[in-house]
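So the structure is just underneath, and the comments pick up after that.
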Amino acid sequence: MRDFGIVPTEMSGTLLQWYDQHAREMPWRVPPSERLRGVAPDPYRIWLSEVMLQQTTVAAVRDYFMRFTTRWPKVTDLAAAADEDVMAEWAGLGYYARARNLLKCARVVADDHGGVFPDSYDGLIALPGIGPYTAAAIASIAFDRSETVLDGNVERVMARLHDCHEPLPGSKPVLKDYASHLTPDTRPGDYAQAVMDLGATICTPKSPACGICPWLSPCQARKSGTASELPKKTPKAPKPTRYGHIYLARSEAGDWLLERRPDKGLLGGMLCWPTSEWGDAPTDSPPFAAEWQELGAEVRHTFTHFHLILRVHTAKLPEDYHPDAPRLMVSRHQFDPKDMPTVMRKAFKICRTDKGLGL
DNA sequence: CAGTCGTGGTT
DNA sequence: TAACCAAGACT
């Protein structure tokens with residue numbers, strides 16, 4: 001480990017002082033002033049927020065967190081919820097495996113741990129949907145354990161502190177080692193949140209605000225003028241475009257033909273409209289025989305690793321229609337497109353704004 | 001281990 | 001506008 005001319009204890013202390021003055025407010029966070037007074041965070045709320053925050057911005061999580069905790073105040077409440085209600089409440093947040101694992105985890109905690117979260121890294125990482133980052137985050141923030149969080153923020157801060165030019169993800173173990181040497185024994189939770197706040201507000205990806213950084217003096221990349229180039233990353237493959245068809249059928253009574261996607265794979269467990277397979281040249285394969293009408297507009301959506309273009313088809317759903325496939329269903333009365341993933345909401349919007357289609 | 005898995009905001 | 005990015009986990 002390289003020497004900064006400053007001992008780790010002083011560096012973590014400097015950052016904690018900065019955090020005491022600049023900590024951002026979040027619905028799940030206990031501010032440093034209250035923490036110092038002895039107020040402890042609710043492990044359920046820390047867990048829920050950390051799962052929601054995986055690859056997701058604080059701004060996007062806020063409202064979802066408030067709705068979840070209002071509807072399910074305790075982990076036992078969530079454990080008792082119906083799968084479809086949780087998936088519907090998660091709709092729009094993305095990475096839907098998180099919602100399925102969230103429910104699995106809540107039920108394990110409720111059924112096997114008496115409704116109490118494990119208070120150690122090892123106990124936490126054994127739970128569904130909790131990986132190395134989230135286990136360290138919950139252990140430090142909720143249980144005052146000196147565990148080291150390594151997320152995108154910490155990786156960036158460590159790469160710059162040490163002027164590390166080895167590209168991610170290969171450099172991850174080294175960066176983790178750097179980070180662990182700075183993790184303090186006191187206030188580990190506030191420290192973890194402080195490094196992430198630093199990365200989110202000052203040590204930002206594009207134009208870091210080095211001039212006001214509490215770690216300006218020990219930063220090696222700042223010294224070398226390479227801060228804005230770090231961390232380096234291995235280039236990623238270009239996104240291909242896939243094509244498909246989507247079928248929206250509604251009855252005179254206002255019921256829709258819907259499909260529950262299988263638990264595994266893309267949009268797993270989510271309520272959608274039926275579609276064809278997605279690929280280079282998909283075949284038009286409607287869910288039932290009818291006079292389907294093809295709309296001019298297409299649904300365009302970009303997922304993590306491909307672009308999708310769907311041709312929109314509409315038809316009238318017969319009043320006496322009964323689904324023949326297991327995962328097809330006719331909507332309940334309280335159906336709402338808000339319960340569907342974003343790509344499906346786009347299809348609905350196209351349908352609704354298209355004039356003269358009887359939908 | 002490299003691929004899979006969403007979405008919205010920023011540049 | 002297209003690429004990049006965000007408190008990653010799972011296979």
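On a predicted model such as this, the values are computed, not experimentally measured, just so you know. Just so we're on the same page: letters track the sequence lines, and every chain starts at 1.
Among the atoms of the strands shown, base atoms are found under 4.0 Å from some heavy atom of A:M26. Nucleic acid contact for A:P128: sugar-phosphate only, since backbone atoms but no base atoms lie under 4.0 Å from a heavy atom of the residue. Using a 4.0 Å heavy-atom criterion, one finds that A:R156 contacts the sugar-phosphate atoms exclusively. Among the protein residues, A:I130 comes within range of the sugar-phosphate backbone only, with heavy atoms under 4.0 Å from sugar or phosphate atoms but none that close to a base. Counting non-hydrogen atoms under 4.0 angstrom, A:G92 reaches the backbone sugars and phosphates but no base. Residue A:T302 is in base contact, counting any heavy-atom pair closer than 4.0 Å across all strands shown.
Positionally, the nearest nucleotide of DNA chain B for A:G268 lies more toward the 5' end than for the other of A:K206 and A:G268. Place A:K236 and A:A200 on DNA chain C by their nearest nucleotides, and A:K236 ends up nearer the 5' end. In terms of position on DNA chain B, the residue among A:R345 and A:G265 whose nearest nucleotide sits closer to the 5' end is A:G265. Residue order along DNA chain C, read from the 5' end via each residue's closest nucleotide, puts A:V58 first among A:V58 and A:I125.
Residue A:Q55 places no side-chain N or O under 4.0 Å from the OP1 or OP2 atom of C:dA6. Contact check, A:Y95 against B:dT4: no side-chain N or O comes under 4.0 Å of OP1 or OP2. For B:dC5, one of the phosphate oxygens OP1 or OP2 lies less than 4.0 angstrom from a side-chain nitrogen or oxygen of A:H305.
One can place CG of A:N101 at 12 Å from C1' of B:dC5, the figure rounded to the nearest angstrom. Rounded to an integer number of Å, the gap from A:R100 CZ to C:dT11 C1' is 13 Å. Straight-line distance from the NZ atom of A:K172 to the C1' atom of C:dA9: 10 Å, rounded to whole Å. As a whole-Å value, the separation of A:L127 CG from C:dG8 C1' is 16 Å. At whole-Å resolution of the value, CE in A:M87 and C1' in B:dC5 are 12 Å apart.
Salt bridge annotation for A:K172-A:D177: absent, with no cationic side-chain nitrogen under 4.0 angstrom from a carboxylate oxygen. A:D336 and A:R345 are not joined by a salt bridge, as no carboxylate oxygen comes within less than 4.0 angstrom of a charged side-chain nitrogen.
Applying the 6.0 Å contact sphere to CD of A:E277 captures no more than 12 heavy atoms from other residues, nucleotides or ligands. The environment of A:R187 atom CZ is dense: over 12 non-hydrogen atoms of other residues, nucleotides or ligands sit within 6.0 angstrom.
Side-chain contact check for A:M340 versus A:L258: some heavy-atom pair is nearer than 4.5 Å.
Only the C1' atoms considered, C:dC5 is 13 Å distant from B:dG6, to the nearest whole Å. For C:dC10 and B:dC1, the C1' atoms lie 12 Å apart once the distance is rounded to whole Å.
You won't find any donor-acceptor pair under 3.5 Å spanning the side chain of A:T342 and the base of B:dG8, going by distance alone.
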Applying side chain to side chain contact (heavy atoms under 4.5 Å, CB included) to A:Y247 and A:S285, what does each step give before you reach the verdict? CA-CA 9 Å; A:Y247 307 95; A:S285 50; 4.2 Å; yes
